[in-house]
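In the text below, chain A, chain B and the rest are named by the order of the sequence lines, each starting its count at 1.
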Amino acid sequence: MKFQIPIGPQHPALKEPIGLRITVEGEIIRDADLRLGYNHRGLEKLAEQKTWIQNIYLAERICGICSHSHTTCYVQGVEKLMELEPPKRGLYIRTLVAELERVHSHLLWLGVAGHEAGFDSFFMYTWRDREIVMDILETITGNRVHYGINTIGGVRRDLDEMQVKHILDSLEILRKRSEYYRNLGTTEPSFVARLAGVGYLSPEDAVALCAVGPTLRASGIARDVRKDDPYAVYEEVPFEVCTADTCDVLGRAVVRIKELFQSYNIIEYLLKNLPAGPIAVRAPRRAKPNEVVSRYEAPRGENIHYIKSNGTDKPERLKVRAPTLANYAATIKMLKNGFIADVPLIFAAIDPCICCAERAVSVVDARSGEEKIIPMNTLKQLSQKISYGKEKKRVAEWPL
Amino acid sequence: MKIGVFIPELLRHLFKKPATVDYPFEKLEVPRGFRGSPYLRPELCIVCRACERDCPAEAIEITAINEAEKRFRMIIHNDRCIHCAQCVDSCPTEAMLMDDRFEISDYSRLNLKMEWEYVRAVVKPKSEQKS
Amino acid sequence: MATVNTLIYLIIYPGLLFLFLYSTFVEWYDRKLYARFQNRMGPTHTGKFGLLQPIADFFKLMAKEDIVPERADRKMFSALPAFGLAIVFTAMLLIPVWNYSLDRPSVISFSGDIIVVLYLLSLPTFIFFLAGWSSTNLFSIVGGARVLTMLFGYEVPLFLAVLSPAVLANSWRLAEIAAFYRQHPALIPVNLLGFVIALICVQAKLERTPFDIPHAETEIVGGTFTEYSGKKLAIFRLMMDAEMVVAAGLLATVFLGGFPGGPLLGLINFIVKTLFVIFFLALIRATTSRIRVDQVVTFSWKYLAPLAVLQLLITILVKGLIS
Ligand code: SF4
Ligand code: SF4
């Protein structure tokens, strides 16, 4: 018997609204269909009405988890437009925050993977230890999520000796804990049984479907913007691109854990070699007419911002390609012929962060399954019509 | 693959102090430099409007009450504020500062509004002070 | 006197009132343990140490709006929670806590009651399946199908594991089995393997991690309970807790020598022993991640069932040796 199961737009496995329709035969998925547009915020249009400096904070709010990725990507582009050369120390701090963010994002992902697989203890422990990174970020930037450390031409806050020491100390704990999670995540039988062999994506498919980030690297393809097209100070920093060749969710977990260790090394290197000097240069208020594409390796994959300026203090166009969008096509491929039980895991394995565009609401008739697209106004009228003149619903009563 | 690798860790934590904090009754300290809500020190404001111009959330509103007496009113709409501290960075005289409050929710957005009426100050901007 | 005793037995201890209070306590205990395993606090505020939290949850759910899906079979949908609760409470009466006499079989303690308890414990599973099926919700149907699939996996090992102590004790009466092991404490370790298997199967029967597949929230939302709300959900949750008490009671009777010592000492015995069993249930819950439904079936038939047969063999051998 074939039937369709809607996963989302509201579903416990999804942290943000997205529609996933899967056609199943028993427990096996035969087809999957992805619907975007529940989370449209008109962000790109808004960016055209704000000044360069205001847009930093707007870009930051594209995503909560990789907030630093979006600002860095944006700020790098704007610096290119304004022909600014940020000072070394500024770039070091920027990279430091970027790597701290990668650590916090990957730890978060490990926890989410644990939760999706019903391994709540793992989830609680990883998130407890993630708190260490969050605290570091809070002390050095002033906020836990939206760090707001970037500014055009450098960074906004300097590091002092105490903070450097604090980070280096915490790094030791993090290393130990990550080592523990590496052991745990790859040996606990019930957890491995859920991850191994799930969501297979062959290297050819991964390339053909333009997968990015850990999803791509878990298929054995070593592609990383930090290595291929170095920005900030990645040229000077020694690190390796981590890959796995199992092409499944377990591989994606392994890649992320390996990257954690690389990040710890990078952070240590950055802190030990922190150059002295100013942290930012003054930025002009306007940019000459030009256009630029900026690339950045976010924790989830390659992030691209396209910025066009027209000589005023506002951008003419800002286009954001978040890494999740690039991974959607591959997700559909991975879902096919899997089990329903694997949907949350496979979907979570790309570490989705949903922010895309569409402006209509599609209404599905529950009885006939017929779909129509209706605009907002009709929807409003509809809701008024339904509730008009009806008596109020029973108010819940205390039973005693 | 081993069975029950997690058990020692779990049992070890059974009698340990929980990592979580009993929040509304016990509070963690925020670190120095935490970005809470912005506030104004009216005696330093020279009404250059840099904060108003740079605020990404358009949360700062400066109006002149009496141009001749140089009386101004600044309203910070804390409900719109995204706590980015750009106003602090933009302000040339350190008239704008951040406090470290983080429990600022309220039932009405009007209660979040902060208002100052003041006479324009005559202080030199930071950059000029140095020279 | 006998009537009064029976009434007390039915209504106060270990009947309705005690089971209700003790189930909520057990839920608290389980939640608190689970939280402490995870370095969290668990319930803290309602009552001392949050002891009243499950009761508060129960009444909160009772006060919530109760919705029956339009296309569901109304009568069946509403009757199922009550049936389930009645079945579990009946099963509790058969656990020999008090008010039975060893030499004289009565309504609550007779030869073969171990089978009846096991049977009564199987019924809630069907209730869950029917609940899922009658909700007509896709998630519920998938959940219902998973309930049944799992049942085929764990039921046989559970029966084998629980019956092997009975074979050794040469009785089908719970009170007698318990008494036998009290007389021969040295024979308790013989059933250790069976105890472990029974623990795992009970975990599956109670649908807790790693077997919480029928209501795996990240996969199929609420699973069998997706459409249940308000009073019915409250009753289902109470039923799950009571089932945990009964199952723990059954294991404690069969494997740990029952609850001797009249009303008071028996009560203490009961509480200590069931909490001991539930400690392991909570530990299993915290240690593992949810497995897939196909993995449950393969796991049960590949490992649990052969091990249960092995346990039966050991018991028969030991029985041959001692007689
Ligand atoms: S903190 Fe940011 S949002 Fe708030 S008033 Fe200052 S500039 Fe505006
Ligand atoms: S607070 Fe600072 S930036 Fe804002 S108007 Fe006053 S002096 Fe200018």
Side-chain angles (χ1 to χ4, degrees), chain A residues 46-47 49-61 71 114 119 121-122 124-125 127-129 131-132 135-151 156-158 160 162-163 166 177 180-181 183-193 196 280 282 285 313, chain B residues 1-14 16-21 23 28-38 48-60 80-92 96-102 104 125-127 130:
Chain A
L46 185 59
Q49 285 143 33
K50 301 225 171 244
T51 60
W52 294 114
I53 203 124
Q54 287 175 327
N55 274 332
I56 302 172
Y57 305 103
L58 186 64
E60 191 159 54
R61 274 145 186 87
T71 50
F119 196 4
S121 304
F122 189 64
M124 295 290 171
Y125 277 92
W127 278 43
R128 183 195 70 187
D129 296 325
E131 219 44 35
I132 301 172
D135 283 347
I136 297 178
L137 283 167
E138 195 181 7
T139 37
I140 64 179
T141 68
N143 223 328
R144 279 164 57 91
V145 177
H146 292 303
Y147 322 117
I149 188 113
N150 278 325
T151 188
R156 292 168 63 196
R157 290 199 186 192
D158 204 353
D160 60 26
M162 287 263 292
Q163 285 166 337
H166 169 70
R177 294 302 305 176
Y180 181 73
Y181 295 132
N183 280 335
L184 185 65
T186 48
T187 46
E188 165 59 37
S190 57
F191 193 46
V192 173
R282 262 192 77 85
R285 292 202 67 85
D313 60 349
Chain B
M1 228 178 268
K2 285 172 273 173
I3 290 174
V5 252
F6 211 0
I7 292 180
E9 180 86 355
L10 294 177
L11 291 179
R12 207 159 55 79
H13 281 95
L14 188 55
K16 269 199 176 173
K17 209 174 150 291
T20 44
V21 176
Y23 167 59
L28 290 175
E29 271 195 23
V30 291
R32 197 165 45 86
F34 176 78
R35 300 203 306 266
S37 314
C48 64
R49 293 177 192 256
C51 52
E52 192 183 21
R53 193 187 52 208
D54 278 349
C55 174
E58 285 156 31
I60 300 176
R80 282 189 226 151
C81 174
I82 56 174
H83 312 287
C84 62
Q86 179 60 44
C87 47
V88 180
D89 284 11
S90 300
C91 180
M96 196 59 95
L97 284 178
M98 296 299 257
D99 60 14
D100 57 4
R101 290 181 305 143
F102 58 96
I104 49 169
K126 265 185 287 184
S127 49
K130 274 176 215 149

> Would Arg157(A) and Asp89(B) pass as an ion pair if we require N to O under 4.0 Å?
no
> Give the minimum heavy-atom separation between Ser37(B) and Asp99(B), together with the two atoms involved.
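That closest heavy-atom pairing would be N-OD1, 2.7 Å.
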> Quick one: ring-ring contact (aromatic ring centres under 6.0 Å, His included) partners of Phe34(B), sequence neighbours excluded?
none
> Looking at Arg32(B), Met98(B), Glu58(B), Arg53(B), which has the largest count of heavy-atom pairs under 4.5 Å with chain A?
Arg53(B)
> Would you mind checking which part of Ile53(A) comes under 4.5 Å of any heavy atom in chain B, side chain (CB onward), backbone (N, CA, C, O), both or neither?
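Contact with chain B: side chain only.
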> Going by the rule side chain to side chain donor-acceptor pair (under 3.5 Å), which residues pair with Gln49(A) if we only count those two or more places apart in sequence or in a different chain?
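Counting only residues at least two positions away or on another chain, Gln49(A) forms no side chain to side chain donor-acceptor pair (under 3.5 Å).
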> Mind running side-chain contact (heavy atoms from CB on, under 4.5 Å) on Gln54(A) and Gln86(B) for me, showing each step along the way?
CA-CA 9 Å; Gln54(A) 287 175 327; Gln86(B) 179 60 44; over 6 Å; no
> Side chain from CB out, backbone as N, CA, C, O: work out which of these in Phe119(A) comes under 4.5 Å of a heavy atom of chain B, or both, or neither.
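Interface part for Phe119(A): side chain.
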> Which atoms of Arg144(A) are under 4.5 Å from chain B, going by heavy atoms: the side chain, the backbone, both sets, or neither?
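Interface part for Arg144(A): neither.
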> Heavy-atom cut-off 4.5 Å, strictly under: side chain, backbone, both or neither for Tyr180(A) against chain B?
side chain
> Select, from Thr141(A), Leu184(A), Thr151(A), Thr139(A), the one with the greatest count of heavy-atom pairs under 4.5 Å involving chain B.
Leu184(A)
